[in-house]
Amino acid sequence: MRKYLDIPLTAIVAITLTVAMLWPLEAPPPAPEGSDKLVHFIAFAALAFPLARTGRLGLVVVFIGASAFGGLIELIQPTFNRSADVGDWVADTVGVVIGIGAALLYRRLRRH
């Protein structure tokens with residue numbers, strides 16, 4: 001992944017997450033209990049990874065921005081006939097931490 005692709009990739013993931021998490025639903029899709037937390041975790045790891053991998057914005061900025069984005073999504077979901085869930089935001093934030101950790105590991109392995 002080239003350094004100049006980090007912002008477009010992050011924007012694509014953010015737009016996809018926004019649409020997916022704010023799309024009005026009549027009822028939650030059938031899924032195993034707790035699987036939505038896994039989806040949040042993976043999605044926010046994918047959101048944080050590109051910017052953390054290049055390090056252009058700084059890891060603290062990536063963490064705060066991605067975590068705040070998850071919190072904002074949860075706060076406005078009731079407007080779109082969705083439920084807000086603190087557990088989803090926690091899963092988002094843990095995903096951000098793992099995405100940043102994976103990016104740091106990637107950077108370290110690429111140097112060697």
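A 4.5 Å side-chain heavy-atom check between L9 and L51 finds every atom pair outside the cut-off. By the 4.5 Å heavy-atom criterion applied to side chains, F44 and T93 are not counted as neighbours. Here the side chains of V86 and E74 are not in contact, with every heavy-atom distance at 4.5 Å or above. In this structure, T18 and F69 have side chains that are in contact, with non-hydrogen atoms separated by less than 4.5 Å. L47 has its side chain within reach of T10: a pair of non-hydrogen atoms, C-beta onward, lies under 4.5 Å apart. Using a 4.5 Å cut-off on side-chain heavy atoms (C-beta onward), D85 and K37 make contact. Contact of the L17 side chain with the I73 side chain is not registered, since no non-hydrogen atoms from C-beta on lie closer than 4.5 Å. L25 has its side chain within reach of R82: a pair of non-hydrogen atoms, C-beta onward, lies under 4.5 Å apart.
We find the CE-CD1 distance between M21 and I76 to be 11.5 Å, quoted to the nearest 0.5 Å. The distance from the CG atom of N81 to the CH2 atom of W23 is 13.5 Å, given to the nearest 0.5 Å. To the nearest 0.5 angstrom, T54 atom OG1 is 7.5 Å from I7 atom CD1.
At distances below 3.5 Å, not a single donor-acceptor pair connects side-chain atoms of W89 with backbone N or O atoms of L75. A donor-acceptor contact shorter than 3.5 Å is absent between the side chain of S67 and the backbone of I64.
I42 and V96 are assigned to two separate hydrophobic clusters, defined by single-linkage of ILVMFWY side chains at heavy-atom distances under 4.5 Å. Note on L57 and V13: same hydrophobic cluster, where clusters join Ile, Leu, Val, Met, Phe, Trp and Tyr whose side-chain heavy atoms are under 4.5 Å apart, directly or indirectly. Criterion: ILVMFWY side-chain heavy atoms under 4.5 Å apart, direct or through other members. Under it, L104 and V60 are part of a common hydrophobic cluster. I12 and L5 are assigned to two separate hydrophobic clusters, defined by single-linkage of ILVMFWY side chains at heavy-atom distances under 4.5 Å. No continuous path of ILVMFWY side-chain contacts below 4.5 Å connects V97 to V94, so the two sit in separate hydrophobic clusters.
The minimum heavy-atom distance linking A52 with V62 is given by the pair N-CG2, 4.2 Å.
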*What's the verdict on salt bridge (charged side-chain N to carboxylate O under 4.0 Å, His left out) for D6 and R53, showing C-alpha distance, side-chain angles and the deciding distance?*
CA-CA 8 Å; D6 61 343; R53 194 208 58 86; over 6 Å; no
